[in-house]
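Written out below as structure tokens is the structure these notes cover.
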Protein chains: 2
Amino acid sequence: MRLVIARCQVDYAGRLTAHLPPATRLILVKADGSVSIHADDRAYKPLNWMSPPCTLTVRSPEEDEAAVTADLDASVAEVWEVKGKDGDTLQISLFEVMHDSSHDLGIDPGLQKDGVEAHLQALLAEHPESIAAGLTLVRREFPTAIGPVDLMCRNESGAYVAVEVKRRGEIDGVEQLTRYLELLRRDPLLGDVRGVFAAQQIKPQARVLAQDRGITCVTVDYDALRGLDNAEDRLF
Amino acid sequence: MRLVIARCQVDYAGRLTAHLPPATRLILVKADGSVSIHADDRAYKPLNWMSPPCTLTVRSPEEDEAAVTADLDASVAEVWEVKGKDGDTLQISLFEVMHDSSHDLGIDPGLQKDGVEAHLQALLAEHPESIAAGLTLVRREFPTAIGPVDLMCRNESGAYVAVEVKRRGEIDGVEQLTRYLELLRRDPLLGDVRGVFAAQQIKPQARVLAQDRGITCVTVDYDALRGLDNAEDRLF
DNA sequence: TCATACATTTCGGTG
DNA sequence: CACCGAAGTGTATGA
């Protein structure tokens with residue numbers, strides 16, 4: 001990884017056209033060839049970047065007439081041109097370099113995650129009764145023409161119940177479930193299909209929309225479910 | 001901005017739980033207090049991060065028993081604890097520091113963009129006939145109870161046409177337009193309202209859904225529109 | 001402050 | 001390779 005602190009100007013042309021006026025910034029050149037430009041704020045998003053695969057070409061400004069403008073040519077030390085795979089380009093004009101160091105980091109073992117929707121879905125699949133009393137699982141990822149329903153269940157009276165699982169319940173989740181229900185209800189083998197929208201938190205607007213469409217909302221306690229799981233582990 | 005290259009282990013607890021095993025990485029501490037951890041690949045996304053506002057506390061490992069594990073205590077040099085506003089925490093255990101430098105960057109003038117949806121909408125507003133022959137603009141951002149319709153037009157026979165503009169046409173865009181149309185059609189003053197989904201690219205699934213709902217799909221050539229605009233500039 | 005829509009979204013999964 | 005959906009999404013804008 002190469003770290004460069006420099007006064008620079010950046011021009012991007014690709015899916016959009018963007019320009020960064022001259023200022024001092026951090027330029028990161030990583031081992032995979034990717035380049036990103038960071039200001040002194042925002043942890044997550046760089047000001048500008050080029051995703052791999054891409055190639056970086058460094059040249060002095062006089063090598064390329066086009067890169068030399070009347071205002072800038074006197075002070076430009078180097079011009080970096082980064083070309084992406086879709087023909088997009090990032091041109092970095094460096095005026096003054098304050099810092100430049102390279103470091104060998106090696107490959108990263110990577111991030112281990114827990115608590116995402118997949119886990120929530122797995123826990124609910126193991127404990128469908130926590131969604132509604134008497135509910136039993138038919139299968140996870142129940143296939144439809146427009147994609148799989150998270151959980152297909154049956155209630156005490158044998159009716160099918162399609163469950164959409166979300167960490168945060170918002171309008172688009174209700175729309176998604178609505179589309180599934182529309183399709184499922186066309187299948188005469190399934191008969192009437194109920195809809196349940198299960199999430200850790202459900203936004204008021206999503207709740208109203210769901211209610212309007214006859215979809216039941218269930219808020220799920222992830223920690224309690226995990227506890228249930230742990231308790232089970234201990235018991236059996 | 002502070003740049004630290006160090007062998008470190010990272011643990012995040014917040015909306016999810018995540019863990020980074022010991023490895024050499026770049027740790028960025030920015031002027032706004034934000035912290036991000038980068039591996040030697042991926043331009044855009046850090047391995048882990050804490051968005052501002054947040055506070056960084058540095059301490060030697062013996063100050064906090066909880067942070068000291070049997071496996072690690074011998075080699076841990078420092079433990080950084082970053083607390084976010086929602087009570088989420090990022091704990092960085094540093095084993096060995098290879099580089100540590102600080103740089104004053106000042107505030108950034110920021111990115112200047114062109115080519116986003118707003119511009120596309122503006123161009124289409126100036127050239128509604130490029131959406132469909134005979135179309136004339138009534139107004140941009142036509143207000144409804146659930147939000148503004150991008151473009152409200154009328155066709156040759158005087159019927160209202162609601163146009164949803166997207167750079168990339170996907171299912172949620174069709175859903176959005178559907179909601180608008182549902183509302184607009186309740187207004188007796190407007191009469192029948194047609195729907196047009198205009199985008200640079202329209203995904204097949206979105207196209208199918210739109211067709212099913214009687215919404216017309218139009219793919220827009222952004223460069224041609226911009227050319228039309230430039231040509232106009234030259235002519236008048 | 002909250003809700004919504006956009007993003008050069010990025011990123012991972014599946015067909 | 002495409003499409004599709006999730007993300008600790010982040011970010012800007014308007015109510």
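So you know, we letter chains A, B, ... as the sequences are listed, proteins then strands, and number each from 1. All values reported here derive from a predicted model rather than from experimental measurement. These numbers come from the heavy atoms of this one structure, side chains and all, not from hydrogens, waters or symmetry mates.
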(message) Considering every strand and a 4.0 Å limit on heavy-atom distances, what is the contact class for B/Met50: base, sugar-phosphate, or nothing?
(response) base
(request) For B/Glu182, enumerate each residue passing the side-chain hydrogen bond (donor to acceptor under 3.5 Å, both in side chains) test, keeping only those at least two apart in sequence or located in another chain. (result) B/Arg186
Donor-acceptor pairs under 3.5 Å, side chain of residues 204-218 of chain A to any protein atom, not counting sequence neighbours: which ones?
{"residue": "A/Arg213", "atom": "NH1", "partner": "A/Glu175", "partner atom": "OE1", "Å": "2.9"}
{"residue": "A/Arg213", "atom": "NH1", "partner": "A/Thr178", "partner atom": "OG1", "Å": "3.1"}

(request) Mind checking salt bridge (Lys or Arg N to Asp or Glu O under 4.0 Å) for B/Arg2 and listing every partner two or more places apart, or none if nothing turns up? (result) B/Asp100
(request) Using the P atom on both, measure D/dG5 against C/dT8 and round to a whole Å. (result) 22 Å
Taking only nitrogen or oxygen atoms into account, show me every contact under 3.5 Å that the protein makes with nucleotides 2-6 of chain C, one pair per line with its distance.
{"residue": "C/dT4", "atom": "OP1", "partner": "A/Gln205", "partner atom": "OE1", "Å": "2.0"}
{"residue": "C/dT4", "atom": "OP1", "partner": "A/Gln205", "partner atom": "NE2", "Å": "3.3"}
{"residue": "C/dC6", "atom": "OP1", "partner": "B/Glu117", "partner atom": "OE1", "Å": "2.9"}
{"residue": "C/dC6", "atom": "OP1", "partner": "B/Glu117", "partner atom": "OE2", "Å": "3.2"}
{"residue": "C/dC6", "atom": "OP1", "partner": "B/Lys166", "partner atom": "NZ", "Å": "2.7"}
{"residue": "C/dC6", "atom": "OP2", "partner": "B/Lys166", "partner atom": "NZ", "Å": "3.0"}
{"residue": "C/dC6", "atom": "O5'", "partner": "B/Glu117", "partner atom": "OE1", "Å": "3.3"}

(request) Round to a whole Å and report the spacing from CZ of B/Arg140 to P of D/dG14. (result) 12 Å
(message) Rounded to whole Å, please give me the gap between CG in B/Leu120 and C1' in C/dA7.
(response) 15 Å
(request) Check the distance between C/dT8's C1' and B/Lys113's NZ and give it to me in whole angstrom. (result) 8 Å
(request) Indicate yes or no: does B/Glu164 engage B/Lys166 in a salt bridge with an N to O separation below 4.0 Å. (result) yes
(request) Send over the distance from A/Leu47 CG to D/dG10 P, rounded to a whole Å. (result) 17 Å
(request) Ignoring hydrogens and angles, tell me if any N or O in the side chain of B/Arg25 forms a donor-acceptor pair with the backbone of A/Leu105 under 3.5 Å. (result) no
(request) Mind calculating the distance between NZ (B/Lys85) and P (D/dG10) to the nearest angstrom? (result) 9 Å
(message) So for atom CD, which belongs to B/Glu141, do other residues, nucleotides or ligands contribute more than 12 heavy atoms lying within a distance under 6.0 Å?
(response) yes
(message) To the closest 0.5 Å, what do you measure between CG (B/Leu135) and CG (B/Leu151)?
(response) 9.0 Å
(request) Please report, rounded to the nearest Å, how far the P atom of C/dT8 is from the CD atom of B/Gln200. (result) 13 Å
(message) With a 4.0 Å cut-off on N to O distance, would you call A/Arg59 and A/Glu81 a salt bridge?
(response) yes
(message) Can you pull out every side chain to side chain donor-acceptor pair (under 3.5 Å) where at least one residue sits in residues 29-48 of chain A? Sequence neighbours excluded, please.
(response) A/Lys30-B/His38, A/Asp32-A/Ser34, A/His38-B/Lys30
(message) At under 4.0 Å between heavy atoms, how does the protein contact nucleotides 10-15 of chain C? Give one character per nucleotide, 5' to 3', with B, S or -.
(response) SSS---
